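Read the structure below first, then the notes.
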Number of protein chains: 2
Amino acid sequence: MQRPVPALQNSLLEALPPADLALFAPQLVPVELERGRLLYDPGDPIEHVFFPHDGVISLMTLMENGAAIESTTIGPEGALGLMAAVAPRQSLSRAIVQTPLRAARIGAERLHEAWERSPALRDLVDRHTEALYGHAIQSVACNALHSVEERFCRWLLTCHDRISTDTIALTQEFLADMLGVQRTTVTAVARSLQEKGMIRYRRGVVDVVDRQALQQFTCECYGVIRGTYRRLLGSEPPAEKGERPPRRAAGG
Amino acid sequence: MQRPVPALQNSLLEALPPADLALFAPQLVPVELERGRLLYDPGDPIEHVFFPHDGVISLMTLMENGAAIESTTIGPEGALGLMAAVAPRQSLSRAIVQTPLRAARIGAERLHEAWERSPALRDLVDRHTEALYGHAIQSVACNALHSVEERFCRWLLTCHDRISTDTIALTQEFLADMLGVQRTTVTAVARSLQEKGMIRYRRGVVDVVDRQALQQFTCECYGVIRGTYRRLLGSEPPAEKGERPPRRAAGG
DNA sequence: CCATCAGAGTCGAGTACTCGACAGTCTTGT
DNA sequence: ACAAGACTGTCGAGTACTCGACTCTGATGG
């Protein structure tokens, strides 16, 4: 695991042909953002696009009473605000940094200029948009059908896939908000998972102990969403962490 | 209400400058589709794009056990399969005709050719995609937070907005599926709404009796989704049916 | 050392919805 | 006229989650 800090880990950037990447690579600014940082609220103009290398951004739908339900997440397999490469856009969601984040940032207009000149980038943006939509509609069904326990497991796995540690800073209160349930419900579920040896919980921190067990307990949505990203972007969230790598169809 | 059958009612087609529309208008085929018709299942290649004039198509997320939860709807304010104008795509959802549908249909490749030549069409496709995404993420939150009664009302209003009658053919069983709840729950809610005089229910048919009351009973999601379409596509589902027109900011 | 506070644990009453079963009713075909 | 099937109504036990209230614990700062 000891390696020199890699220059690039974002799957989208890596998927671009070097010549296309070169169109905007000079404008990419490496940033490190702390947990909890608010990047966008609904209605905010999208001025920057973020390509995460390591870490998770949560996209949340904001309700009138202040409730904020997580709709999708952005990690190293994607980018935040990428639709703004096509044309100026306002954010529809609240975007919050969920785990300490290393990312590459670029001004939306700069990226737009590259977008105009690069068919490969245009194609990537389109497929990313489609994958994000696929993520969202799976969450629609998940929230209608699946238990808090299943969704809790899915959330942990999704986050764990996108970071390089087994430890996630996260209060039960905040998770309850994102899942749209009471904190007491999260407490009960967390205790149950801890008793089963799948996670360890301490003040504001969860440790993922048994990934495989989490995968057995979560709903199909976890796998479906991974599959959507893989199919549309030809990559998956990078962290495999001991599970066998999913088969990749040759030339698929 | 008596008027000659209009040549066009789809908002997207109407929003295009005549010269851009002319690029593919000759290939548009008018179709009438019966209720229940299956247009796409997940994985199906999108060969045709449908522009509804009158009627509703439901997009549903299909689960492994066969459950099909409605994620978004397509009506005269939008189009089905529009992302296939950009590049060949597979459907992510099941698409079913929800009410008798008049629409214009075009082959995806034909539309793609127009898309290549028309910046206005490209822009429209992008904004439609964004609106559909906005619809989906609002449904994510709605399914996490709101009661079956609220979602029932939202469904009725959304459908009612997009058709030209007050009568909707719809079994409780099917609605229960789309909302992801038990049929008995739908029965109870339907009875409650009927007792309040908001709807009338008979075998497989609902009549919308008191639209205003439905709007008071539904959740904010109904209005939010309408607003998203209006903002991004400069139009709303056409039917106003006696409600006062939503204020439109001058030049907004 | 103490005070403060954020975060987690617990408890209990209440509610919304599930799930299976069965009865009633309307529609259609023969 | 009759059967068959589709749709709705109802009932009751069970469960998941809500909601408010209160306590406990660990971290932080003065």
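Everything numeric in this text was worked out from a predicted model, so none of it was measured.
Nearer to the 5' terminus of DNA chain C, by closest-nucleotide assignment, is the contact made by A/Ala190 (compared with the other of A/Ala190 and B/Glu149). For the pair B/Gly204 and A/Val181, nearest-nucleotide mapping onto DNA chain D gives the more 5' position to B/Gly204. Nearer the 5' end of DNA chain C, as judged by each residue's closest nucleotide, is the contact made by A/Thr171, out of A/Thr171 and A/Ala144.
Among the atoms of the strands shown, only primed sugar atoms or phosphate atoms (P, OP1, OP2) are found under 4.0 Å from some heavy atom of A/Ser147. At a threshold of 4.0 angstrom between heavy atoms, the contacts of B/Gln172 are confined to the sugar-phosphate backbone, with no base atom among them.
The pair B/Arg211-B/Asp161 counts as a salt bridge, with a side-chain nitrogen and a carboxylate oxygen less than 4.0 angstrom apart.
We find that CD of B/Glu173 is positioned 13 Å from P of C/dG20, with the value rounded to whole Å. Rounded to an integer number of Å, the gap from CG of A/Leu175 to C1' of C/dG7 is 14 Å. A/Glu195 places its CD atom 12 Å from the C1' atom of C/dG9, with the value rounded to the nearest Å. Put simply, CG on A/Asn143 is 18 Å from P on D/dA16, counting in whole angstrom units. As rounded to whole Å, 15 Å separates atom C1' of D/dC19 from atom CG of B/Leu145. In this structure, CZ of B/Arg202 is placed 12 Å from P of D/dT8, rounded to the nearest angstrom. Put simply, CG on B/Asp177 is 17 Å from P on C/dC17, counting in whole angstrom units. If you take CZ of B/Arg200 and P of D/dT8, they are 15 Å apart, rounded to a whole angstrom.
Closest of all the heavy-atom pairs between B/Thr228 and B/Gly134 is CG2-CA, 4.4 Å.
Listed pair B/Gln182 / C/dC17 fails the phosphate criterion, with no side-chain N or O lying under 4.0 Å from OP1 or OP2. A close approach under 4.0 Å does not occur between any side-chain nitrogen or oxygen of B/Thr187 and OP1 or OP2 of D/dT10. Phosphate proximity of D/dT10 to B/Arg191: present, with a side-chain N or O under 4.0 Å from OP1 or OP2.
For the pair A/Arg94/A/Asp41, a side-chain contact is recorded, criterion being any heavy-atom separation below 4.5 Å from C-beta on.
The side chain of A/Thr185 has D/dT18 as its nearest neighbour among D/dT18, C/dG7, C/dT25. Distance from the side chain of B/Val148 is smallest to C/dC17 among D/dT18, C/dC17, C/dC26.
Between the side chain of A/Arg183 and the base of C/dG9, at least one donor-acceptor pair of N or O atoms lies under 3.5 Å. Applying the 3.5 Å distance criterion, the base of D/dA6 shares a donor-acceptor pair with the side chain of B/Arg203.
The CD atom of A/Glu220 lies 9.0 Å from the CD atom of A/Glu150; values are rounded to the nearest 0.5 Å.
By the neighbour-count criterion of 12 heavy atoms within 6.0 Å, atom CD of A/Gln90 is densely surrounded, having more than that number from other residues, nucleotides or ligands.
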